[in-house]
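Every chain is numbered from 1 and lettered A, B, ... according to where its sequence line falls, protein lines coming before strand lines.
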Amino acid sequence: MRSSNYLLATLKETPSDAEIVSHQLMMRAGMVRKVASGLYTWTPTGLRVLRNVERIVREEMEAAGAIETLMPMVQPADLWQESGRWQDYGPELLRLQDRNQRDFVLGPTHEEVISELVRKEVSSYKQLPLNLFQIQTKFRDEIRPRFGVMRSREFIMKDAYSFHIDEASLEQTYQVMFKAYQTIFSRLGLDFRPVIADTGSIGGNLSHEFHVLAESGEDAIAFSDSSDYAANVELAEAIPSKDKADPATATMEEVETPNAKTIQALVEQFGLAIEKTAKTLIVHGVNENGDASGLIALMVRGDHELNDIKASKLPQVASPLTFANDDEIRAAVGAGPGSLGPVGLPLPMVVDREVAVMSDFAAGSNKDGYHYLNINWGRDVELPAVADLRNVKAGDPSPCGKGTLDIKRGIEVGHIFQLGTKYSDMMKVGVLTESGKHQNLLMGCYGIGVSRIVAAAIEQNNDANGIIWPEAMAPFEVCILPMNMHKSARVQEVAERLYEECKGAGLNVLFDDRKERPGVMFADIELIGIPHVIVVGERNLDEGMIELKNRRSGDKEKVAIADVVQQLTATNNR
RNA sequence: CGGCGAUUAGCGCAGUUUGGUAGCGCACUUGGUUUGGGUCCAAGGGGUCGCAGGUUCAAAUCCUGCAUCGCCGACCA
């Protein structure tokens with residue numbers, strides 16, 4: 001490609017609405033342009049990168065035995081009514097009507113369509129297992145699209161769906177997909193981790209997310225420092241620091257704390273260790289039928305954070321988790337939120353595992369302006385129900401039993417899970433078994449955020465000059481950068497010759513033949529992040545050399561003109 | 001959906017307080033200059049100031065409504 005025939009579309013200035021570095025660089029490098037909130041055009045450079053990601057994903061999916069399909073983005077509502085998700089999905093599902101007022105959706109995912117296909121086309125256990133995938137545009141009407149293509153409304157996803165007659169077959173394909181994902185993200189040159197994830201309301205036994213590690217990641221991941229254990233902080237089990245509480249050493253006393261409305265204030269007033277305090281949070285409760293029913297108190301240690309997901313999974317707690325307001329608390333307890341505690345609390349209570357092993361701790365006394373010091377379970381108040389309620393934090397023991405936890409941020413780029421029979425039951429996806437009986441199929445589902453990977457890769461690979469592509473993703477593997485070509489017939493001749501040679505060798509090459517100053521060209525090419533640059537200039541031509549520059553290391557080496565292309569193809573690892 | 005903010009040339013912004021001929025930098029066009037890291041000089045093109053009403057002799061500027069975009073939060077998986 002000659003840059004004079006190409007659309008570089010680079011920008012000097014950073015658009016004001018781009019917050020994170022990948023969004024800024026994708027705009028500046030001319031990879032995407034926003035069309036509306038959460039909707040982007042992929043400009044030529046961006047599309048080349050996107051196609052590289054797709055190519056690697058496709059190759060590895062096929063190598064793992066999956067078969068490519070392509071399903072429509074617009075899907076009829078009746079399929080969604082059949083699966084129940086027409087009701088369940090909420091406003092993220094964009095619904096629309098055709099000219100005959102028939103209802104349709106823009107597909108946020110394709111379980112319904114693939115189920116419809118498989119129930120029609122597959123009728124015997126002999127046709128199983130089957131793993132079908134596509135690389136398709138999805139649409140989710142996100143409440144708040146942000147960070148460019150990282151969280152956009154329209155995005156490209158690889159989604160695969162597998163169908164099985166039994167658990168063993170599902171498990172086997174799941175493991176094959178797990179390995180394929182590791183290969184894909186490794187080939188893409190990403191620093192990533194598989195992470196134990198929520199099986200959630202979907203059910204199923206097992207789920208893993210694949211995260212690219214980056215400061216800007218929207219998820220927090222807990223890692224063991226001594227094993228492979230990694231889990232989303234939302235889900236990581238918090239292990240108490242000891243088996244049981246230490247014996248009490250002091251008698252409980254009530255103290256006046258007129259200004260201590262927060263744990264921090266309480267700690268300062270009495271010079272307490274924050275680990276010797278506990279906070280009491282009041283949320284809405286439910287009865288056995290799941291109907292709203294009164295309030296319930298949750299307690300975590302003063303320096304710990306309540307985990308919303310864990311709390312809302314408790315049978316006594318309303319889901320989604322809803323905090324009581326000041327008036328509700330006052331009506332139920334007779335004191336405000338700053339003075340709550342376990343002693344004399346007229347509400348049902350669940351305490352975190354760590355709270356259950358505390359001794360001599362401080363908490364509110366359920367009277368405005370008073371706290372108790374030196375509370376001890378059993379002696380001063382009965383120990384209520386105990387549950388895992390808090391977020392893990394760095395330094396906690398790892399739930400795998402080995403080492404302690406460290407917390408890093410990650411960007412979710414892949415998610416695999418065993419769906420079980422949720423969709424096949426709803427949509428009657430089944431076959432005849434060996435014994436001639438009808439049986440609904442087990443399903444697995446495997447997603448990769450193709451467009452998000454492009455942004456995630458930039459988050460991990462950039463410097464002050466721009467993007468530094470992993471070679472497998474780079475829009476061009478090599479750029480020929482002639483110095484003042486329009487003044488030197490020699491430079492032009494060599495540049496043209498190398499350009500033809502590169503093309504002949506199958507390299508994706510950009511020939512920057514613009515009549516620009518060298519500084520402008522260097523800056524643009526580094527911004528775009530092309531891994532290898534061949535600098536052709538009068539300076540080295542007398543010796544028959546060019547300069548080969550590496551984007552990542554910045555290293556420059558003189559290479560004989562005759563050897564350059566051979567050297568580049570030898571190290572090419574696309 | 002709640003809170004806050006923005007909307008003036010392709011991009012980044014000033015001008016709005018105190019109403020009076022539409023500005024700056026970058027980008028773009030032309031000519032010259034320069035030529036191994038975002039040259040310099042000169043000339044030029046480009047804006048119904050988000051939209052609709054209102055106040056006024058006069059509105060980018062004041063008032064009302066709407067739209068779009070963004071940030072924080074909640075929500076969702």
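At a cut-off of 3.5 angstrom, the base of rG36(B) holds no donor-acceptor pair with the side chain of Lys556(A). Between the side chain of Asn484(A) and the base of rG36(B), no donor-acceptor pair of N or O atoms lies under 3.5 Å. Side-chain atoms of Glu13(A) and base atoms of rG25(B) include a donor and an acceptor less than 3.5 Å apart. A donor-acceptor contact under 3.5 angstrom links the side-chain atoms of Glu547(A) to the base of rG36(B).
Checking rG70(B), rC72(B), rC1(B) against every side-chain atom of Glu19(A), the shortest atom distance belongs to rC72(B). You'll find that the side chain of Val520(A) is closest to rU39(B), out of rU39(B), rC26(B), rC1(B). Across rA27(B), rG70(B), rA74(B), the shortest atom-to-atom separation from the side chain of Lys34(A) is found for rG70(B).
Between Ile534(A) and Cys502(A), the closest heavy-atom pair is CD1-SG, 4.4 Å.
Within the nucleic acid shown, Gly537(A) comes within 4.0 Å of at least one base atom, counting heavy atoms only.
Nucleotides rU21(B) and rC66(B), compared at atom P, are 32 Å apart to the nearest Å. Using C1' as the reference atom, rU8(B) and rG23(B) are 10 Å apart when rounded to the nearest Å. rC51(B) and rU68(B) are spaced 15 Å apart, taking the P atom of each and rounding to whole Å. Spacing between rG2(B) and rC11(B) at atom P, rounded to whole Å, works out to 30 Å. Nucleotides rG15(B) and rA9(B) are separated by 15 Å at their P atoms, to the nearest Å. With both ends at atom C1', the span from rU61(B) to rU55(B) equals 13 Å, rounded to whole Å.
Test Glu111(A), Glu116(A), Lys422(A), Glu112(A) against Ser83(A) for side chain to side chain donor-acceptor pair (under 3.5 Å) and you get one pass: Glu112(A).
Summarising the base pairing, rC26(B) is matched to rG10(B) through a Watson-Crick or G-U wobble pair whose two defining distances lie under 3.5 Å.
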Identify each atom pair where a protein N or O and an N or O of nucleotides 29-34 of chain B are less than 3.5 Å apart, giving names and distance.
| unit_1 | atom_1 | unit_2 | atom_2 | d |
| --- | --- | --- | --- | --- |
| rU34(B) | O2 | Arg517(A) | NH1 | 2.5 |

Decide yes or no on salt bridge (charged side-chain N to carboxylate O under 4.0 Å, His left out) for Glu471(A) and Arg552(A), but give the supporting numbers first. CA-CA 10 Å; Glu471(A) 294 203 14; Arg552(A) 188 173 292 271; over 6 Å; no

